[in-house]
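Let me give you the structure first, and then I'll get to my questions.
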Amino acid sequence: MQILILSDIHANWYALEAVLTEAKGQYDQIVCCGDLVGYNPHPAQVVDWTQKNCSSVIRGNHDKVVAGLEDLSWFNETAQTAARWTIDHLTAAQISYLAGLSEGPKTNEYFELVHGSPNDEDEYITNSSEAATCFPHVDVPLTFFGHTHHQGGFFSKRGNIGTVAAVKKKQRESVVQLEVDTKYMINPGSVGQPRDGDVRAAYALYDTDRKLVTLRRTMYPIALTSSDIQKAGLPELLGARLFHGF
Ligand code: ZN
């Protein structure tokens with residue numbers, strides 16, 4: 001079984017489209033670690049596509065805010081403006097789909113999905129010491145997470161914590177062979193708003209038979225998303241940051 005793992009699409013349709021074009025024919029099902037909406041201008045398209053195409057989805061903090069499950073005041077001003085705009089551009093049915101998304105962790109026979117961390121859906125795992133506090137709470141060998149918009153992750157083997165690197169800038173993919181007696185927490189990276197200094201859309205594929213995680217980066221027409229951000233009247237900063245990858 002080949003599984004496409006997406007996270008933090010954040011209403012960037014052109015980025016999602018580029019990922020799907022590149023990965024076409026290479027997966028049997030799609031899962032998503034949350035944050036379908038927020039920041040970018042295509043929330044309705046992304047929500048409809050996710051509902052139709054993903055076999056397993058958990059909610060992110062932006063999905064919660066847009067669904068009215070969490071207060072806007074947790075966000076900075078730009079994110080608040082984008083969340084209000086998003087609410088105005090979704091139908092009641094689309095908002096109710098977001099409201100109904102499950103909280104992570106969500107486990108299947110192959111791995112677990114979380115948005116932030118296995119302990120707390122809103123917690124950021126950004127370094128090895130934060131990851132070290134999470135591993136004792138996971139019972140499965142493989143967890144996919146999102147939220148930081150940084151591709152890569154961590155592993156724990158006999159009490160030692162190591163890191164999984166993102167795809168290098170001049171490369172298109174990197175492959176992680178999962179080892180026995182090792183737990184992994186891997187972030188596929190953000191499809192719609194990468195913040196790890198690489199502007200390309202990020203995603204991962206998991207080969208459940210060979211136990212291979214392939215991290216990928218793919219270029220998409222950033223100028224189109226940025227121009228739609230401008231046309232939508234969303235904060236210009238949201239378009240500018242896509243060209244810098246942070
Ligand atoms: Zn996010």
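Remember, it's 1-based here, ligands and their atoms both numbered in the order they're listed. This is a predicted model, so every value here is computed, not measured.
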Pairing of Lys64 and Glu103 as salt bridge, 4.0 angstrom limit: no

Considering only N, O or S atoms of Asp8, the one closest to the Zn ion (ligand 1):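 Asp8's closest N, O or S atom to the Zn ion (ligand 1) is named OD1.
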
2.8 Å cut-off met by an N, O or S atom of His10 to the Zn ion (ligand 1):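 Given the 2.8 Å cut-off, His10 counts as a ligand of the Zn ion (ligand 1).
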
Full working for side chain to side chain donor-acceptor pair (under 3.5 Å) between Thr91 and Gln94: CA-CA 5 Å; Thr91 64; Gln94 287 161 338; 3.3 Å; yes

Backbone or side-chain N/O/S of His62 under 2.8 Å of the Zn ion (ligand 1): no

Val65 vs Phe75 side-chain heavy atoms within contact, under 4.5 Å: yes

Verdict with reasoning, Glu22 to Tyr203, per side chain to side chain donor-acceptor pair (under 3.5 Å): CA-CA 11 Å; Glu22 188 181 74; Tyr203 68 100; 2.4 Å; yes

For the Zn ion (ligand 1), the closest N/O/S atom belonging to Asp35: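 Among the N, O or S atoms of Asp35, the one closest to the Zn ion (ligand 1) is OD2.
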
